[in-house]
Amino acid sequence: MSETQNNVPEVDENKIIAERRAKLNALREIGHSYPNTFRRENTSAELHGKYDGMSKEELAEAEPVRVKVAGRMMLRRIMGKASFATLQDYEGRIQIYVTRDELPEGFYNEQFKKWDLGDIVGAEGTLFKTNTGELSIHVDHIELITKSIRPLPDKFHGLQDQEVKYRQRYVDLIVNEESRETFIMRSKIVQHVRNFLIEKGFMEVETPMMHVIPGGATARPFNTHHNALDMPLYLRIAPELYLKRLVVGGFEKVFEINRSFRNEGLSTRHNPEFTMVEFYSAYTDYHQLMDYTEELLKELAELTVGSTTVPYQGQEFDFGKPFARLTMKDAILQYNPDVTAEQLDDLEAAREVAKSLHIKIEDSYGLGKVLTEIFEETVEEKLMDPTFITEYPAEVSPLARRNDKNPFITDRFELFIGGRELANGFNELNDAEDQAERFRAQVEAKEAGDDEAMHYDEDYITALEHGMPPTAGEGIGIDRLVMLFTDKPSIRDVLLFPHMRPAS
RNA sequence: GGGUCGUUAGCUCAGCCGGUAGAGCAGUUGGCUUUUAACCAAUUGGUCGAGCGUUCGAAUCGCUCACGACCCA
């Protein structure tokens with residue numbers, strides 16, 4: 001049974017909409033049919049770029065410059081027989097000057113003056129500058145291209161209602177410049193990450209988003225069902241295991257930028273679907289990945305902020321100096337001066353430390369998990385400037401390779417900025433027997449009640465048994481990256497269509 | 001899951017000591033050929049998020065619910 005709503009909604013009608021519909025009906029009677037015949041030849045930004053530098057006199061004395069633009073009418077000032085209006089296209093705004101006597105008989109009063117803010121129009125004419133020096137188009141042909149039935153939000157205050165911004169992003173994008181800029185920046189950031197990896201010799205791939213066994217992370221998946229095959233499927237929680245299968249297959253440097261899905265709560269940092277870049281490189285190690293990450297983030301700071309000092313919500317993060325690198329244990333000691341190194345080497349002592357810090361510890365936790373809990377509770381949120389934390393315990397790193405000298409820890413790091421985890425990378429576990437053992441431990445945890453623990457992925461073990469070269473891999477959260485570089489407090493501000501509860 | 005705050009005209013917001021709803025913008029009508037949040041004059045527009053209660057009377061007080069924002073777990 002489908003619960004999808006197929007109800008046709010009742011017509012949402014208020015006086016303004018009714019009046020606009022009446023105008024549209026009048027237009028239909030004289031043949032308007034949402035025409036797709038107007039071809040613009042110029043954009044607002046192009047014209048400002050070329051002609052803003054010319055003075056009023058230079059423009060007036062030069063050969064007349066004919067231009068043809070289209071856009072949404074955002075402002076209009078009618079002054080009797082002449083009007084100014086502001087058209088907005090995807091790059092910006094341009095002012096047009098419309099006079100009664102240069103349009104066909106009756107057009108100015110019977111058509112143009114009846115158009116509404118929000119309508120999309122095309123205009124042709126010659127460039128000039130107004131007395132106050134604004135580049136404008138003296139129009140001799142103008143036409144209504146698309147009638148808008150719905151009124152726009154306040155022309156000065158824009159759209160303020162946070163909920164409507166998220167639910168009706170198209171309206172937000174029409175009226176709020178800042179919102180447009182955020183998503184343009186997001187696109188540039190993703191583009192830069194992609195180019196960065198391609199220049200480093202990585203190959204972009206696409207792996208399944210519907211998994212038979214959800215793997216590659218510890219998280220609850222979304223469940224779905226394949227009707228023809230009559231089998232359960234899961235939306236992926238990470239692409240990791242498929243990307244590493246490709247490394248087994250001989251694609252030694254691969255990456256994927258796309259969505260993963262986790263069936264967990266919503267917050268200012270969590271959306272059920274989110275975007276990660278994951279990349280894997282054979283014959284290298286996690287130190288190389290930290291170097292790549294540092295290089296990439298410094299470039300992104302330059303690209304987005306134009307500086308190595310990144311402002312975020314009233315704070316500033318320093319991307320100029322080399323990123324700090326310290327081990328999880330050293331980090332705990334540094335931020336908990338009362339704790340000694342010896343206490344962190346012994347399970348019972350570490351439990352006591354956690355208890356004194358009011359951290360909940362389950363009986364099943366080993367020393368590695370206890371240390372990680374202490375780290376997450378007392379250190380994470382204090383790591384402001386970019387900081388790599390290394391030497392994550394094997395217990396909390398089921399896919400990472402153990403350190404050669406100390407099998408308690410893995411060759412793994414996470415990157416923190418502004419108290420938030422931005423990236424996670426490690427030397428990949430390519431010992432199939434060790435991996436099988438780790439999967440078994442995860443299954444035990446799952447059977448003991450940890451519903452975030454991993455499944456045993458037999459085919460992945462088979463892939464590793466064919467031999468995966470030594471490989472390092474990393475995931476970077478794109479949404480959090482964009483939040484950081486666009487100074488946005490909520491993940492919803494950097495998602496075009498964030499998940500919302502259905503409006504009542 | 002818990003707490004705080006919010007939801008009033010298409011938009012941005014007042015009103016909240018309970019007495020039956022206001023402004024600006026947008027819209028409509030009129031005026032205005034270099035304005036720029038244009039301006040001037042007149043004017044239309046509201047199940048005050050939903051429901052229940054208290055009261056002679058509720059946008060306003062109380063309770064429940066919905067959605068959102070922030071904080072905490």
Side-chain angles (χ1 to χ4, degrees), chain A residues 10-24 26 44 48 56-57 59-60 72-88 92-103 108-110 112-119 125-140 147-172 174-177 264-271 313-314 357-360 373 376-377 381 419 488-493 498-504:
Chain A
E10 290 186 18
V11 177
D12 177 7
E13 204 77 322
N14 64 42
K15 195 179 173 190
I16 294 175
I17 296 173
E19 278 168 355
R20 288 190 174 205
R21 270 191 210 285
K23 289 178 181 176
L24 173 61
S44 59
H48 285 298
K56 179 174 165 70
E57 290 70 27
L59 254 184
R72 194 182 292 274
M73 187 162 68
M74 302 302 290
L75 295 169
R76 187 172 54 163
R77 297 169 287 281
I78 298 176
M79 306 166 299
K81 299 174 193 67
S83 299
F84 284 97
T86 302
L87 301 189
Q88 176 171 292
R93 292 179 169 195
I94 186 85
Q95 179 169 262
I96 60 174
Y97 180 61
V98 183
T99 60
R100 185 193 67 179
D101 295 342
E102 275 158 297
L103 298 179
Y108 181 81
N109 283 314
E110 299 309 313
F112 175 76
K113 279 171 80 172
K114 293 183 178 172
W115 297 348
D116 294 294
L117 296 184
D119 288 350
T126 55
L127 285 179
F128 75 107
K129 281 210 167 174
T130 63
N131 291 339
T132 51
E134 178 166 353
L135 186 70
S136 307
I137 302 168
H138 197 132
V139 167
D140 49 43
K147 182 67 191 168
S148 165
I149 304 296
R150 301 249 172 190
L152 288 177
D154 192 288
K155 66 185 178 185
F156 182 63
H157 298 96
L159 180 62
Q160 296 299 320
D161 189 313
Q162 198 64 252
E163 187 172 349
V164 180
K165 285 187 193 183
Y166 295 151
R167 289 189 195 276
Q168 295 184 276
R169 185 67 85 185
Y170 42 90
V171 177
D172 180 38
I174 289 170
V175 297
N176 291 334
E177 171 89 29
E264 292 165 358
L266 285 73
S267 80
T268 51
R269 288 177 296 281
H270 299 88
N271 195 67
Q313 300 295 299
L357 293 165
H358 307 290
I359 298 168
K360 268 191 200 156
E373 291 287 323
E376 287 178 355
E377 288 299 317
E381 63 181 18
K488 288 287 175 278
S490 170
I491 194 170
R492 290 179 160 177
D493 297 322
H499 186 79
M500 301 287 281
R501 281 195 174 83
S504 55

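Every chain is numbered from 1 and lettered A, B, ... according to where its sequence line falls, protein lines coming before strand lines. Here the structure is a predicted model, which is why all the values come from computation and not from measurement. All heavy atoms count here, side chains included; hydrogens, waters and symmetry mates do not.
Ring-plane geometry between A:Y97 and A:H138 is classed as perpendicular, the angle between the planes exceeding 60 degrees on a 0 to 90 degree scale with a lower cut at 30.
Atom CZ in A:R20 sits about 19 Å away from atom P in B:G45, given to the nearest Å. Atom pair A:I96:CD1 and B:U34:P shows a separation of 16 Å (rounding to whole Å applied). Spacing between atom CD of A:Q160 and atom C1' of B:G24 amounts to 14 Å, rounded to whole angstrom units. Separating the CG atom of A:L117 from the C1' atom of B:C11 is a distance of 12 Å, rounded to the nearest angstrom. As a whole-Å value, the separation of A:M74 CE from B:C25 P is 18 Å. Rounded to whole angstrom, the span from the NZ atom of A:K23 across to the C1' atom of B:A26 amounts to 11 Å. At whole-Å resolution of the value, CG in A:D119 and P in B:G27 are 10 Å apart. Put simply, CE on A:M79 is 18 Å from P on B:G30, counting in whole angstrom units.
In the set B:A37, B:U12, B:A69, the nucleotide with an atom closest to the side chain of A:D161 is B:U12. Proximity note for A:F156 (side chain, C-beta onward) versus B:G68, B:U35, B:A37: the nearest is B:A37. Closest to the side chain of A:K155, from the set B:A26, B:U35, B:C70, is B:A26. The side chain of A:D154 sits closest to B:U12 out of B:G10, B:U12, B:G68.
Between A:Y166 and A:D493, the side chains place a donor N or O and an acceptor N or O closer than 3.5 Å (distance only, hydrogens not considered). Checked by atom type, the side-chain pair A:R93/A:Q88 shows a donor-acceptor distance below 3.5 Å. Residues A:E377 and A:H358 have side chains that never bring a donor and an acceptor to within less than 3.5 angstrom of each other. If you check the side chains of A:Q95 and A:R77, you find a donor sitting under 3.5 Å from an acceptor.
Using a 4.0 Å heavy-atom distance criterion, A:I16 is classed as a base contact. If you check every strand for non-hydrogen atoms under 4.0 Å, A:T268 touches sugar and phosphate atoms only. Within the nucleic acid shown, A:Y166 comes within 4.0 Å of sugar-phosphate atoms alone, with no base atom in reach, counting heavy atoms only. Heavy atoms of A:R93 sit nowhere under 4.0 angstrom from any nucleic acid atom.
Remark: A:R76 is positioned above the aromatic ring of A:F112, its terminal NZ or CZ atom under 6.0 angstrom from the ring centre and at most 45 degrees off the axis.
Across all strands shown, B:A23 is found opposite B:U12 as a Watson-Crick or G-U wobble partner, with both distances under 3.5 Å. B:C32 makes up no base pair with any nucleotide shown, lacking Watson-Crick or G-U wobble contacts both under 3.5 Å. With a cut-off of 3.5 Å on both Watson-Crick or G-U wobble distances, the partner of B:A59 is given as none. Across all strands shown, B:C48 remains unpaired; no Watson-Crick or G-U wobble contact has both distances below 3.5 Å. Nucleotide B:U54 is matched to nothing when pairs are restricted to Watson-Crick or G-U wobble geometry with both distances under 3.5 angstrom. As the counterpart of B:C70, B:G3 is assigned, both hydrogen-bonding distances of the Watson-Crick or G-U wobble pattern falling under 3.5 Å. With a 3.5 Å ceiling on both atom-pair distances, B:A37 lacks any Watson-Crick or G-U wobble partner.
B:G15 sits 7 Å from B:G22 when the C1' atoms are compared, rounded to a whole Å. Atom name C1', nucleotides B:C39 and B:U34: the rounded distance is 14 Å, in whole Å. Comparing the same atom, C1', in B:A9 and in B:A21 gives a spacing of 10 Å after rounding to whole Å. Here, B:G2 and B:C65 have their P atoms 9 Å apart, quoted to the whole Å. Taking the P atoms as reference points, B:G19 lies 37 Å from B:A38, given to the whole Å. B:U43 sits 11 Å from B:A23 when the P atoms are compared, rounded to a whole Å. The P atoms of B:U20 and B:G57 are separated by 15 Å, rounded to the nearest whole Å. Taking the C1' atoms as reference points, B:A50 lies 24 Å from B:U12, given to the whole Å.
A salt bridge is defined here as a Lys NZ or Arg NE, NH1 or NH2 lying under 4.0 Å from an Asp or Glu carboxylate O, and A:K23 with A:D116 meets this definition.
For the pair A:T86/A:I94, no side-chain contact is recorded, criterion being any heavy-atom separation below 4.5 Å from C-beta on.
At a cut-off of 3.5 angstrom, the base of B:U33 holds no donor-acceptor pair with the side chain of A:T99. Scanning atom types as modelled, no donor and acceptor separated by under 3.5 angstrom connect the side chain of A:D116 and the base of B:G27. In terms of polar N and O atoms assigned as donor or acceptor, the side chain of A:Q95 comes within less than 3.5 Å of the base of B:U35 in a complementary pairing. Between the side chain of A:Y97 and the base of B:U33, a donor-acceptor pair under 3.5 Å is found.
Across the interface with RNA chain B, nearest-nucleotide mapping of A:H157 and A:D101 shows A:H157 to be the residue nearer the 5′ end. For A:G80 and A:E19, each mapped to the nucleotide of RNA chain B holding its nearest heavy atom, the one lying further toward the 5' end belongs to A:E19.
In this structure, A:R100 does not reach the B:U33 phosphate: none of its side-chain N or O atoms is under 4.0 Å from OP1 or OP2. At the phosphate of B:G45, neither OP1 nor OP2 sits under 4.0 Å from any side-chain N or O atom of A:K15. Here A:R77 reaches the OP1 or OP2 of B:A38: one of its side-chain N or O atoms lies under 4.0 Å away. Side-chain nitrogen and oxygen atoms of A:R76 include none within less than 4.0 Å of the OP1 or OP2 phosphate oxygen of B:A26.
In this structure, A:E381 places its CD atom where only 12 or fewer heavy-atom neighbours from other residues, nucleotides or ligands lie under 6.0 Å away.
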